[in-house]
Amino acid sequence: MVDRLANSEANTRRISIVENCFGAAGQPLTIPGRVLIGEGVLTKLCRKKPKARQFFLFNDILVYGNIVIQKKKYNKQHIIPLENVTIDSIQDEGDLRNGWLIKTPTKSFAVYAATATEKSEWMNHINKCVSDLLSKSGKTPSNEHAAVWVPDSEATVCMRCQKAKFTPVNRRHHCRKCGFVVCGPCSEKRFLLPSQSSKPVRICDFCYDLLSTGEMTACQSTRSDSYSQSPKSSLNDVSDDDEDEDSSD
């Protein structure tokens with residue numbers, strides 16, 4: 001069905017509409033063979049708070065952006081190649097329901113759908129697109145993925161030293177390797193993580209020691225591992241924001 005739609009006028013028109021919604025700031029999305037599979041609003045969990053984001057699933061990429069005017073204008077376009085994506089379901093917990101992780105070597109984050117049915121449809125379609133891409137290319141699924149950041153609100157003290165309390169002066173920082181919320185003294189070092197940046201990035205002392213000795217997988221933390229060490233919070237407290245993408249902390 002995807003192959004049949006690839007060169008159809010309806011598909012070309014739908015993709016053109018998405019391009020126009022992002023305007024000049026967005027990248028062109030029309031290429032031969034690309035098909036728009038579906039779209040919808042998901043709640044993306046970010047550092048500061050949860051926010052609604054418009055997602056577009058194509059047969060080879062996942063695109064999302066900020067909603068300026070629903071179905072008319074979006075900004076801050078992000079494009080994720082699907083062949084690098086793996087997804088994992090998240091258990092419902094309190095207000096956090098119908099969620100799953102979108103994991104890539106560059107960035108990983110949680111999203112939540114409005115209903116269980118919507119979640120199932122999204123996950124099934126993403127998995128099908130990824131499977132089709134990998135079968136065509138002969139590549140194997142990516143084993144490496146960036147850590148999911150623990151939201152600021154889930155840590156009142158440093159998750160490494162367990163002593164430093166966060167204040168407007170003593171700021172929170174995020175380790176780029178494990179995703180923990182840490183204090184400045186516990187994250188003074190930088191390390192080159194090529195999949196995330198061409199420059200050395202902030203990591204905690206614990207991860208730095210493991211990376212320096214070659215035990216890279218030992219400090220890779222999953223979202224659930226991180227959350228088990230911090231108090232749970234409601235959807236209104238936790239955050240998704242696309243300030244994360246540009247944040248140096």
Side-chain angles (χ1 to χ4, degrees), residues 42-53 55 62 64 66 76 78 80 84-91 93-96 99-112 142 144-162 164 166 170-184 186-197 199-208 210-211 216-249:
L42 299 173
T43 297
K44 181 174 175 289
L45 200 63
C46 284
R47 178 181 179 179
K48 300 294 183 186
K49 59 184 177 181
K51 293 184 180 179
R53 295 287 183 254
F55 280 78
L62 182 66
Y64 70 92
N66 295 8
K76 293 190 177 180
H78 300 273
I80 302 173
N84 296 328
V85 168
T86 56
I87 59 175
D88 289 325
S89 181
I90 304 172
Q91 275 192 325
E93 196 161 349
D95 291 334
L96 300 174
W100 67 97
L101 297 179
I102 296 175
K103 303 187 295 185
T104 79
T106 304
K107 183 177 179 63
S108 302
F109 53 89
V111 293
Y112 293 86
S142 175
E144 181 184 6
H145 60 83
V148 179
W149 284 16
V150 176
D152 286 1
S153 59
E154 300 223 353
T156 57
V157 299
C158 175
M159 296 178 71
R160 285 304 182 195
C161 70
Q162 301 288 320
F166 296 122
N170 187 29
R171 298 175 56 211
R172 293 170 173 82
H173 303 279
H174 277 83
C175 172
R176 297 307 195 273
K177 184 60 180 173
C178 68
F180 277 22
V181 184
V182 292
C183 64
C186 284
S187 59
E188 292 180 339
K189 297 182 174 65
R190 299 287 193 277
F191 199 92
L192 182 62
L193 302 176
S195 63
Q196 295 190 39
S197 175
K199 298 178 181 179
V201 293
R202 180 188 292 271
I203 61 173
C204 67
D205 292 348
F206 177 76
C207 287
Y208 181 85
L210 290 175
L211 286 165
M216 294 185 69
T217 57
C219 69
Q220 180 64 60
S221 167
T222 65
R223 173 184 163 85
S224 57
D225 292 338
S226 301
Y227 280 20
S228 68
Q229 299 188 31
S230 61
K232 303 295 181 212
S233 62
S234 72
L235 185 61
N236 292 329
D237 296 330
V238 187
S239 75
D240 157 61
D241 74 62
D242 283 336
E243 297 161 13
D244 292 358
E245 269 77 12
D246 302 317
S247 170
S248 60
D249 297 315

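Quick note: numbers below take in every heavy atom, side chains included, and nothing from hydrogens, waters or symmetry partners. FYI, the numbering just counts along the sequence from 1.
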For this session: Could you check if a side-chain atom of R160 sits within less than 4.5 angstrom of a side-chain atom of F180, using non-hydrogen atoms only?
Result: yes
For this session: Give, for atom NE2 of H78 and atom CZ of F109, the distance between the pair rounded to the nearest 0.5 Å.
Result: 8.5 Å
Exercise. Is there a donor-acceptor pair closer than 3.5 Å between any side-chain N or O of R172 and the backbone N or O of D152?
Worked result: yes
Exercise. Roughly how far, to the nearest 0.5 Å, is the CG atom of L193 from the CG atom of L211?
Worked result: 6.5 Å
For this session: Could you check if a side-chain atom of N66 sits within less than 4.5 angstrom of a side-chain atom of R53, using non-hydrogen atoms only?
Result: yes
For this session: Answer whether the closest heavy-atom distance between the side chains of W149 and V181 falls below 4.5 Å.
Result: no
Seminar exercise, completed: Output for pair (L210 CG, F191 CZ), nearest 0.5 Å, gives 10.5 Å
For this session: I would like to know whether C175 and S187 meet side-chain contact (heavy atoms from CB on, under 4.5 Å); could you show each step before the answer?
Result: CA-CA 7 Å; C175 172; S187 59; 6.0 Å; no
For this session: Spell out, as yes or no, whether a donor-acceptor pair under 3.5 Å connects the side chain of Q196 to the backbone of R176.
Result: yes
Problem set entry | Partner set under side chain to side chain contact (heavy atoms under 4.5 Å, CB included) for T86, not counting sequence neighbours | K103
Exercise. Can we say K189 and D205 salt-bridge, meaning some charged N sits less than 4.0 Å from an Asp/Glu carboxylate O?
Worked result: yes
Problem set entry | By side chain to side chain contact (heavy atoms under 4.5 Å, CB included) - contacts of T156 (at least two apart) | none
For this session: Flag the pair F206 / C186 as yes when at least one side-chain heavy-atom distance between them is below 4.5 Å, and no otherwise.
Result: no
Problem set entry | Within-4.5 Å side-chain heavy-atom neighbours: L62 and I102 | yes
Problem set entry | Trace of the side-chain contact (heavy atoms from CB on, under 4.5 Å) decision for Y64 with L42 | CA-CA 9 Å; Y64 70 92; L42 299 173; over 6 Å; no
For this session: Would you check, one step at a time, whether the test side-chain contact (heavy atoms from CB on, under 4.5 Å) holds for E144 with S195?
Result: CA-CA 9 Å; E144 181 184 6; S195 63; 3.2 Å; yes
Seminar exercise, completed: Separation between CH2 (W100) and OH (Y112), nearest 0.5 Å, reads 10.5 Å
For this session: Supply the atom-to-atom distance S108 OG to I87 CD1, rounded to the nearest 0.5 angstrom.
Result: 12.5 Å
Seminar exercise, completed: Residues passing the side-chain hydrogen bond (donor to acceptor under 3.5 Å, both in side chains) test with S89, sequence neighbours excluded, are K119
For this session: Report yes if some heavy atom in the side chain of V148 is under 4.5 Å from a heavy atom in the side chain of L101; otherwise report no.
Result: yes
Seminar exercise, completed: For L192 and S197, the nearest pair of non-hydrogen atoms, with its separation, is CD1-O, 3.7 Å
Seminar exercise, completed: Here the gap from H174 atom NE2 to R202 atom CZ, rounded to the nearest 0.5 Å, amounts to 11.0 Å
Problem set entry | CA sep, side-chain torsions, deciding dist, call: M159, C183, side-chain contact (heavy atoms from CB on, under 4.5 Å) | CA-CA 8 Å; M159 296 178 71; C183 64; over 6 Å; no
